[in-house]
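Right, one structure below, let's go through it.
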Amino acid sequence: MIDPQLLRENPEAIRTSQRARGASADLVDAALGADIRRRSAISESEALRATQKSLGKKVAQAQGDDKAALLAQAQELAGRVKQLAQEATDAEAEFTLIVGSLANPIIEGVPAGGEENFVTLREVGSKATFDFEPRDHVELGEMLKAIDVTRGVKVSGSRFYFLTGIGARLELALMNMALDKALAEGFTPLITPTLVRPEIMRGTGFLGEHADEVYYLPADDLYLTGTSEVALAGFHSDEILDVAAGPMRYAGWSTCYRREAGSAGKDNRGILRVHQFNKLEMFTYVLPEEAEAEHDRLVAWQEAMLQACELSYRVIDVAAGDLGSSAARKYDIEAWVPTQGAYRELTSTSNCTTYQARRLDIRYRTESGKTAPVATLNGTLATTRWLVAILETHQQEDGSVRVPVALRPYLGGLEVIEPVRR
RNA sequence: GGAGACGUCGCAUAGUUCGGCCUAGUGCACCACCCUGCUAAGGUGGAGAGGGGUUUAAACUCCUCCGUGGGUUCAAAUCCCACCGUCUCCGCCA
């Protein structure tokens with residue numbers, strides 16, 4: 001939900017943002033109209049309600065004929081009060097609907113346009129080169145007995161897999177390294193629920209245009225979350241937080257579920273795009289004026305993780321049209337995947353400014369003692385998908401894989417993952 | 001899953017019998033000031049959330065909020081219905 005104040009005072013800013021996203025700018029005028037209708041309906045309804053209340057008091061005090069007359073008057077009034085209240089409720093609902101469909105105004109500097117209009121901020125590390133034909137992660141996974149796609153499909157269907165043996169250990173090592181990184185930066189670790197109520201799902205913005213990406217359990221009216229961001233944002237919903245003392249940072253460890261409905265045939269091989277994976281997610285509640293600085297910090301921590309994994313990557317500033325409705329700016333970090341000859345997204349970090357917090361009613365107290373929505377940010381610190389880049393980047397001619405130095409302590413000092421014969 | 005009890009402004013509670021004097025009282029904690037020579041005690045005042053109006057702002061004013069949503073009524077914390085949640089006991093269970 002955007003700031004209604006901004007809508008009234010600077011609608012042009014929102015129009016500009018909508019255009020950059022390739023979304024409707026006319027919605028802004030519809031919202032302005034709805035706001036005017038809403039406010040006049042509220043005023044009218046409340047004025048009549050005040051009359052009704054004072055009349056009701058007179059009824060209580062009056063006696064005999066006076067009372068009967070007043071009562072008749074009050075009865076007549078009641079119907080109109082009800083009608084006006086209904087009109088106010090309807091106007092409010094219409095306003096909420098229209099305003100709710102406006103995306104978060106982008107931050108100045110975000111590139112306009114669609115998916116292909118991203119801007120590369122920097123490329124780090126040299127792309128792996130091989131003097132042999134490199135194997136892809138599926139083949140390596142089989143040789144190392146680390147990934148079993150065949151049995152994943154047998155048990156659960158396409159886009160499911162088992163991590164086996166060293167594969168399972170490697171994921172836990174990665175997740176634990178990320179967790180230690182988060183702890184060192186002062187994050188509070190949380191293991192989150194992965195089933196959430198509709199209002200939390202809606203509040204975080206995942207029931208918008210990507211609703212068909214979400215698993216839903218109708219028997220229980222619960223949603224399976226595609227990221228712990230949902231639970232982490234809901235964690236402090238309806239609360240007033242003390243963020244003046246500093247950002248509140250959480251690291252959520254959870255399994256993530258995605259239907260991948262719109263991606264039939266895409267990345268079908270291996271574990272690049274799957275229905276279920278694990279992720280360590282950073283989530284921050286912060287003063288609105290500190291959001292952009294915090295965003296930079298989140299990217300820096302992500303880059304430190306990729307560097308620790310000795311991966312080559314680039315950081316991109318995602319274009320407006322490719323942002324979710326909650327994000328005002330998003331940086332993706334994409335690692336070089338040798339056998340694809342392409343960069344693939346390993347992390348994503350969004351600055352949701354006050355948009356998400358306004359919908360979830362997460363506030364802080366300003367110096368004057370008033371309440372105002374906080375800013376929220378989120379970002380990936382590690383996911384299952386990282387194994388793809390790690391395995392492919394550090395592979396050797398015989399199919400073995402060198403373990404990045406920083407990861408070794410989490411694997412009992414293991415330096416090289418060897419293929420399993422037999 | 002079954003039975004019972006309960007849900008009030010940060011916490012604790014009053015109010016629900018029998019609808020109107022509830023503009024929701026009180027205690028604790030909190031904030032400001034006063035008093036007091038000593039981390040105490042006392043006094044005075046303030047103080048919830050959301051939304052309208054007005055305003056440069058403040059002040060002011062009005063409406064809403066007693067778990068949520070409906071209903072009855074001139075009028076609902078109070079009566080009725082549904083739902084959600086908590087607790088106790090029973091059943092089942094990793």
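Because the structure is a prediction, the values reported are computed rather than measured.
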Take the protein atom [atom1] of [X] and the nucleotide atom [atom2] of [N], then report the distance between them rounded to whole Å.
X      : N     : atom1 : atom2 : answer
A:E9   : B:U55 : CD    : C1'   : 14 Å
A:R37  : B:G52 : CZ    : P     : 16 Å
A:R363 : B:G48 : CZ    : C1'   : 11 Å
A:D238 : B:G85 : CG    : C1'   : 14 Å
A:Q86  : B:G70 : CD    : C1'   : 12 Å
A:I36  : B:G52 : CD1   : P     : 13 Å
A:Q5   : B:U56 : CD    : P     : 14 Å
A:R365 : B:C30 : CZ    : C1'   : 12 Å

Ignoring hydrogens and geometry beyond distance, is a side-chain donor-acceptor pair present between [X] and [Y] at under 3.5 Å?
X      : Y      : answer
A:E229 : A:Q356 : yes
A:E281 : A:S228 : no
A:T384 : A:N278 : no
A:S263 : A:E260 : yes
A:N351 : A:E292 : no

Base partner of [N], which must satisfy Watson-Crick or wobble distances under 3.5 Å:
N     : answer
B:C92 : none
B:C30 : B:G46
B:A5  : B:U86
B:U72 : none
B:A57 : none
B:G19 : none

Inset, instruction - Check every atom of B:G20, B:U23, B:C84 against the side chain of A:K57 and return the nucleotide holding the closest atom. - result: B:U23
Legend entry - Proximal nucleotide (of B:C74, B:G52, B:C84) relative to the A:I42 side chain: B:G52
Legend entry - Full working for side-chain contact (heavy atoms from CB on, under 4.5 Å) between A:K279 and A:T380: CA-CA 7 Å; A:K279 178 156 72 126; A:T380 321; 3.7 Å; yes
Inset, instruction - Could you tell me how the ring of A:Y250 sits relative to the ring of A:H236: parallel (under 30°), tilted (30 to 60°) or perpendicular (over 60°)? - result: tilted
Could you give the distance separating [M] and [N] at their [atom1] atoms, to the nearest angstrom?
N     : M     : atom1 : answer
B:G48 : B:G43 : P     : 23 Å
B:A40 : B:U26 : P     : 25 Å
B:G1  : B:C83 : P     : 12 Å
B:U17 : B:U78 : C1'   : 10 Å
B:A12 : B:A3  : C1'   : 29 Å
B:G85 : B:U68 : C1'   : 10 Å

Legend entry - Of A:E345, A:M305, A:Q302, the residue whose pairing with A:I333 passes side chain to side chain contact (heavy atoms under 4.5 Å, CB included): A:Q302
Inset, instruction - Name the residue closer to the 5' end of RNA chain B, choosing between A:I240 and A:S43 according to the nucleotide with the nearest heavy atom. - result: A:I240
Legend entry - Heavy-atom neighbours of A:E289 CD exceed 12 at 6.0 Å: yes
Should [X] be listed as having a side-chain N or O under 4.0 Å from OP1 or OP2 of [N]?
X     : N     : answer
A:Q52 : B:A75 : yes
A:R38 : B:G51 : no
A:R39 : B:G53 : yes

Show the distances under 3.5 angstrom between N or O atoms of the protein and N or O atoms of nucleotides 80-82 of chain B.
none

Inset, instruction - Report yes if the side chains of A:N378 and A:M282 come closer than 4.5 Å at any heavy-atom pair, otherwise no. - result: no
Inset, instruction - Check whether any side-chain heavy atom of A:Q396 sits under 4.5 Å from a side-chain heavy atom of A:V401, and report yes or no. - result: no
Legend entry - Pair A:R21 + A:D322, salt bridge at N-O below 4.0 Å: no
Legend entry - Pair A:D221 + A:R197: basic N to acidic O under 4.0 Å: no
Legend entry - Per-nucleotide protein contact string for nucleotides 58-66 of chain B, where B marks a base within reach and S marks sugar-phosphate only (heavy atoms under 4.0 Å, - for neither): S---BBS--
Legend entry - Single hit among A:E92, A:E44, A:E87, A:E94 for salt bridge (Lys or Arg N to Asp or Glu O under 4.0 Å) with A:R38: A:E92
Legend entry - Residue-level proximity of residues 74-82 of chain A to RNA chain B when a heavy atom falls under 4.0 Å: A:A74, A:Q75, A:A78, A:K82
Inset, instruction - Classify the nucleic acid contact of A:T371 as base, sugar-phosphate or nothing, counting any heavy atom under 4.0 Å across all strands shown. - result: sugar-phosphate
